[in-house]
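The structure appears below as C-alpha cells.
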Amino acid sequence: MKTIAALQAVVTATPFDGEPSDAELDAIETEMPAILADVDLLDAQIMTIDRTPTELDHQRIRRARRRVLAARRELANRSADVSLSGGAA
C-alpha cells in the first residue's frame, strides 16, 4: 500500500513547505475587501436561517449585497486597470 505522501512527491515538481508564496499573499491581500464583504453577507444570511426575517434583517442583507457588489466591482476595475496599463506603447 502506497501512502499519499509518497504519491505527492511524484506529482509535485517542487517541494511544498506549507507556506503561501509572496505572490499568493499579495493576491489574497488584493481580494481581501471582497472576501470580507462576502463574509458579512453570509453572516447576515445566517442570522435569518432559523427565524422569519424582520425588516431590519432585510435591510442588513441588502446593504451586505451592495457591499459585495461594490467590492467585486472595485476588484474587477483594478484588474482591468492593471491589464490595460501593461500594453505596448
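Given the structure is predicted, the values throughout are model-derived calculations rather than measurements.
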Between CD1 on residue Ile46 and CG on residue Leu41, distance to nearest 0.5 Å: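 Going from CD1 on Ile46 over to CG on Leu41, the span is 9.5 Å.
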Straight-line distance of Ile61 CD1 to Asp43 CG, nearest 0.5 Å: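 Ile61 CD1 to Asp43 CG: 11.0 Å, rounded to 0.5 Å.
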What residue pairs, at least two apart or across chains, pass side-chain hydrogen bond (donor to acceptor under 3.5 Å, both in side chains) with a residue in residues 65-80?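 For residues 65-80: Asp38-Arg72.
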May I have all residue pairs that pass side-chain hydrogen bond (donor to acceptor under 3.5 Å, both in side chains) and include part of residues 54-63, sequence neighbours excluded?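 Checked against side-chain hydrogen bond (donor to acceptor under 3.5 Å, both in side chains) - neighbours excluded - the pairs reaching residues 54-63 are Arg51-Asp57, Thr54-Asp57, Glu55-Arg62, Asp57-Arg60.
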Do Ile28 and Leu36 belong to the same hydrophobic cluster, where Ile, Leu, Val, Met, Phe, Trp and Tyr are linked whenever their side-chain heavy atoms lie under 4.5 Å apart, directly or via other members?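 Yes, one cluster joins them.
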Shortest non-hydrogen contact from Ala34 to Ala71?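 Looks like CA-CB, 3.7 Å.
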Can you list every salt bridge (charged side-chain N to carboxylate O under 4.0 Å, His left out) pair that touches residues 20-35, not counting sequence neighbours?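 Qualifying pairs, neighbours excluded: none.
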